[in-house]
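Beneath this line is the structure, given in structure tokens, with notes to follow.
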Amino acid sequence: MSSTVAPHAAAPRPDLPATDGHAVEPRENYLNVDYGWKSWLLSTDHKRIAVMYLITIMFMILVGGSFAILLRLELATPAGDLLQSETYNKIFTMHGVVMVFFFLIPGIPAVLGNFLVPIMIGAKDLAFPKINLLSYYIFLAGITLTLIAVAMGGVDTGWTFYTPYSSTYANSQVALAAIAVFVTGFSSILTGLNFIVTVHKMRAPGMTWFRLPLFIWAQYATSLIIMLGTPVIAITVALVGLERLFHIGIFDPTYGGDPVLFQHMFWFYSHPAVYIMILPAMGVMSELVTAFSKKRVFGYHIMAFSTLAIAVIGFFVWGHHLFVSGQSTYAGVMFSVITMLVAVPSAIKVFNWVSTMYRGDVWLTTPMCFAIAFLGLFTVGGLTGIFLGAMGFDIHVHDTYFVVAHFHYVMVGGMVTAFFGGIHFWWPKMFGRMYPENMGRISAAIIFIGFNLTFFPQFILGYMGMPRRYHFYPEEWQVLNVLSTAGATLLGTGYLLPMIYLPWSLKFGKVASKNPWGAKGLEWQIDSPPTTFNFDKVPIVTEEAYAYPEGSRHQREAEVV
Amino acid sequence: MQTGIPLFPENASTFATPVDTLYVALVLVSIVFMVLIAGLVIGFAIRYRTRPGSEGAKQIHGATSLELLWTAVPLGIVMVIFVWGTKVWFQISRPPAQAEQYYVTGKQWMWKIQHPTGQREINMLHVPINQPIQLRMISEDVIHSFYIPAFRVKRDVLPGRYSTMWFEATKAGTYHLFCAEYCGTKHSQMIGSVIVMEPADYERWLSGAVAGESPRDQGEKLFAALRCDTCHTGLQGARGPDFKGLWGQKVQLSDGSSVTFDEDYVRESILIPTAKTVVGFQQLMPTYAGQVGEDQILSLIAYLKSLSDPAQGGAKP
């Protein structure tokens, strides 16, 4: 790969030794190129938009996380003593809506994807920078509508909006929330469109498809799912809104509709949406494991193809959400077998990451600690997914805490852990500063322990038969619920720590070099933070992704003890 | 076993053991994989950790045979689990012919239950032990889900369409009944008890409970009260079809197709009579939507069904 040479490096500061660039005043970059609100709010620079997304999404995590804490506090006792049922129902709904639509789905693509897709393929920006900015503002509009819905009394349908409850019976801001989801979908679609075109048309010379980092493959596959699936959820929530307002009779049997039709349409998007959340996380994982093992990824091609396989097969498994809903016995059997098939590419990925560590030079940095946490939590989530795909088993635990535990292991244990790993990995690149390494490792450990304490008891609760979305529950389940609440407190602490030391590092952290981890990839050859157009000259790619030389060892430049 | 934290709900139906066995097998498979993966990750992280003098990374592009192995082995395992899970599912989804039929109506936020012998109860279901029981369920408003963890069985209760589930209780006792599909404000209080009794106790309970008329008898009275019998006279040349011996039979429709004369068809014809008209009859019947509730439709169905049951004085199909 080409290396970029700083043509006009600033003069060395007298108080610092001028070694390899990290000790000098940073030259002009995308952060300091311009100041003032307007320069940010109207920026079409993919990196600035990524930063705006990061701030917005962090805010949404805090909102959704506060809801989660309220839910767990309420569930510490079997009686509904903290909140009224109506409020409890609204809070679990808003927890789901905020986390799914404003964090889990956009999280990695909109923040890390926006920042990295152009850089990783050697481009100066996305294909449509203005559309990128538009997608941010649509996202912001979706959030605004959601927050207005909350302020006007909230929604109590569950994030799944099942009909006819949502379309006829609920007395809450369903129409507004549906509009919010509808609007937010366009933000996803525009980002997906942008990524697809960018990956097709803007790869640097020599960056062939099979030299793409796996993170790019993951973003690409995710974008395909977004483009194909999101219109369906938009249509579905629009129909719910229309039925609510005009009684058009699509889903409510009172007007001649079919309530199960809603479930088919909803899950046709919302199951693939699970892969919209987890595939980018898998892309991050491949970057972390290779960088900190100093290794090529084990089985590049099978990793790329399994990403596509998950994207494709993921569209044909939605019926496993309807095993007890009244879909035909044999439709259930078909959905069960396809669900089992989708487990295979995920299993392949886990084994390939593990094998990538074999005979590597493993450096347990903060991002790598998150990657290892991901392996543990995602594997539990994936395995319990197989439990739920087995129909005879699913009948018992469907709509119980077993399902709640399962999808939190995949979504939070998987996606969120990878998100935090990725943020820590690329933080020096994004902001040019290092954070305190040990704080990072400690927070990864707290998150791992807190997560298991929160959600593992929920598997047991689910098998015991505790239904989800229950405000009151029988007394014999209090011990497990208290454990879960205690875990949530720990988990919340684990997530709060990075939200303190990362902003702290912006001012007080050690200045980061171009490549503090000694990692391969175009993003590590340019400045930290990058200049507005990323590359001083178009890079020419001459080798595969993760082309670490034989016998590579970490220089451990970033280690701060 | 007093562990403080129970791991299994009560084992109180014929489904409990098959479902628990599958669960234990799945847990064991998971433990094997977890130990394998965690062992390798921790082992590699320690063994190959970077340190002064470490040998450095050995570049390996992949190994087709290994990758085939960990494609084939998980595939084989999940297929075995699929077949096993499906076998259990067939057992749960296929009621035996001799199952007694009970009626369940769900509404926000209560369960209304009627026994074949006419007793009604709310949020309680008394059943005899060792007797296959089928529930025919419908909702009056939103979707609910009838869930008995001790029996390992649940089924959504839909508005506008019947759903059924069956079980055979194996252990006397009182068990939780939950609504498992979120249905609004008091979803978590749409709960009740299933009480499994020895046959003699059940008989005693039946005779002590407020014994209403059986659904069939109520249906017969309704049939007269709603003046159904003015057209469905059962005589030659009547304006409506004769129901004797018709239950479960294929009926020719005026548009040339045919439909089975069953619960769903009867319910639809009461509410939307023009939807499927029997061949040779005119569309004269008015709708009864708004005049009859779901409970009453279930009674009418019980009555029409009895007209084809020789044991209840009906005609042979």
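To find a chain, count down the sequence lines: A is the first, B the second, and so on, and within it residues start at 1.
- For B:Gln134, the CD atom is densely surrounded, since the number of other residues' heavy atoms within 6.0 Å is greater than 12.
- Defined by atom type and a distance below 3.5 Å, a donor-acceptor pair is present between the side-chain atoms of B:His176 and A:Glu476.
- Closest approach of B:Pro159 and A:Pro164 over heavy atoms only: CG-CG, 3.9 Å.
- Looking at A:Gln478, neither its backbone nor its side chain comes within 4.5 Å of chain B, counting heavy atoms on both sides.
- Only the side chain of B:Arg161 comes within contact range of chain A, with at least one heavy atom under 4.5 Å from a heavy atom of that chain.
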Q.
Evaluate A:Leu341 against B:Val78 for side-chain contact (heavy atoms from CB on, under 4.5 Å), listing each step before the verdict.
A. CA-CA 8 Å; A:Leu341 290 181; B:Val78 293; 5.8 Å; no
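- Using a 4.5 Å cut-off between heavy atoms, B:Ala38 does not touch chain A at all.
- Only the side chain of B:Met79 comes within less than 4.5 Å of a heavy atom of chain A; its backbone N, CA, C and O stay farther away.
- Residue B:Tyr147 forms a side chain to side chain contact (heavy atoms under 4.5 Å, CB included) with just one option from A:Thr400, A:Ile395, A:Asp399, and that option is A:Thr400.
- With a threshold of 4.5 angstrom between heavy atoms, A:Phe323 approaches chain B through N, CA, C or O but not through any side-chain atom.
- Across every non-hydrogen atom of A:Gln327 and B:Arg155, the tightest pair is O-NH2, 4.5 Å.
- A:Tyr330 and B:Phe90 have tilted rings, their planes meeting at an angle from 30° to 60° on a 0 to 90° scale.
- Scanning all heavy atoms of the two residues, the minimum distance from B:Tyr48 to A:Met357 falls at CD1-O, 3.8 Å.
- Using cut-offs of 30° and 60° for the angle between ring planes, the A:Tyr470 and B:Phe178 rings count as perpendicular.
- For the residue pair A:Asn89 and B:Gly184, the shortest heavy atom distance occurs at ND2-O, 3.4 Å.
- Only the backbone of B:Glu140 comes within contact range of chain A, with heavy atoms under 4.5 Å apart.
- Ranked by heavy-atom pairs shorter than 4.5 Å toward chain A, the options B:Ala45, B:Gly43, B:Gly160 are led by B:Ala45.
- In this structure, the portion of A:Thr163 lying under 4.5 Å from any heavy atom of chain B is its backbone and not its side chain.
- Within the 4.5 angstrom heavy-atom criterion, only side-chain atoms of B:Gln108, from C-beta onward, approach chain A.
- Using a 4.5 Å cut-off between heavy atoms, A:Trp353 does not touch chain B at all.
- B:Tyr182 places a side-chain N or O within 3.5 Å of a backbone atom of A:Asp156 that can act as its donor or acceptor partner.
- For a residue to count as touching a neighbouring chain, one of its non-hydrogen atoms must lie under 4.5 Å from one of that chain's; by this rule B:Leu66 touches chain A with the side chain only.
- Contact annotation for B:Val73: neither backbone nor side-chain heavy atoms come within less than 4.5 Å of a heavy atom of chain A.
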(Q) Between A:Phe472 and B:Gln189, does the side-chain contact (heavy atoms from CB on, under 4.5 Å) criterion hold? Intermediate values first, please. (A) CA-CA 7 Å; A:Phe472 293 74; B:Gln189 290 161 80; 3.2 Å; yes
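- Looking at A:Phe251, neither its backbone nor its side chain comes within 4.5 Å of chain B, counting heavy atoms on both sides.
- In this structure, a donor-acceptor pair under 3.5 Å is present between the side chains of B:Trp70 and A:Asn352.
- Between chain B and the residues A:Ile460, A:Thr379, A:Thr329, the most heavy-atom pairs under 4.5 angstrom are made by A:Thr329.
- Using a 4.5 Å cut-off between heavy atoms, B:Ile46 does not touch chain A at all.
- At a 4.5 Å heavy-atom cutoff, the contact between A:Tyr162 and chain B is made by side-chain atoms alone.
- Heavy-atom distances place the side chain of B:Leu22, and not its backbone, under 4.5 Å from chain A.
- One N or O on the side chain of A:Arg553 and one on the backbone of B:Arg51 form a donor-acceptor pair closer than 3.5 Å.
- Both the backbone and the side chain of A:Ile348 come within contact range of chain B, with heavy atoms under 4.5 Å apart.
- For B:Lys154 (side chain) and A:His396 (main-chain N/O), a donor-acceptor pair under 3.5 Å exists by modelled atom type.
- Residues B:Val142 and A:Tyr169 share a closest heavy-atom pair of CG1-CD1, 3.2 Å.
- Using a 4.5 Å cut-off between heavy atoms, B:Ile92 touches chain A through its side chain atoms alone.
- Taking both residues in full, the closest heavy atoms of B:Phe82 and A:Ser336 are given as CD1-OG, 3.2 Å, listed atom of the first, atom of the second, then distance.
- In terms of heavy-atom pairs under 4.5 Å with chain B, the best-connected choice from A:Ser85, A:Ser552, A:Ala170 is A:Ser552.
- Between B:Thr50 and A:Lys294, every side-chain heavy-atom pair lies at or beyond the 4.5 Å cut-off.
- Interface residue B:Ala63: backbone and side-chain heavy atoms are both found under 4.5 Å from chain A.
- Contact of A:Val380 with chain B is made through backbone and side chain together, with heavy-atom distances under 4.5 Å.
- Note on A:Pro474, A:Ala547, A:Ala343: by heavy-atom pairs under 4.5 Å with chain B, the leading option is A:Pro474.
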(Q) For a side-chain contact (heavy atoms from CB on, under 4.5 Å) check, start with the C-alpha distance between A:Phe351 and B:Leu36, then their side-chain angles and the critical distance, and finish with the verdict. (A) CA-CA 10 Å; A:Phe351 284 116; B:Leu36 178 72; 3.9 Å; yes
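- For B:Ile143, the parts sitting under 4.5 Å from any heavy atom of chain A are the backbone and the side chain alike.
- Heavy atoms closer than 4.5 Å to chain A are found in the backbone of B:Cys183, but not in its side chain.
- If you tally non-hydrogen atom pairs under 4.5 Å between each of A:Thr87, A:Thr157, A:Leu461 and chain B, the highest count goes to A:Thr157.
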Q: Given side-chain contact (heavy atoms from CB on, under 4.5 Å), test B:His187 with A:His471 step by step and report yes or no.
A: CA-CA 8 Å; B:His187 167 55; A:His471 181 215; over 6 Å; no
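- In this structure, A:Asp361 contributes its side chain and B:Ala57 its backbone to no donor-acceptor pair below 3.5 Å.
- Residue contact with chain B, scored on non-hydrogen atoms closer than 4.5 Å, is absent for A:Asn171.
- Residue with the most contacts toward chain B among A:Thr254, A:Val260, A:Leu375, A:Thr339: A:Val260 (heavy-atom pairs, distance under 4.5 Å).
- Interface remark: of the candidates A:Val344, A:Val333, A:Val337, A:Val337 forms the most heavy-atom pairs closer than 4.5 Å to chain B.
- Distance alone, capped at 3.5 Å, is enough to place a donor-acceptor pair between the B:Gln59 side chain and the A:Pro549 backbone.
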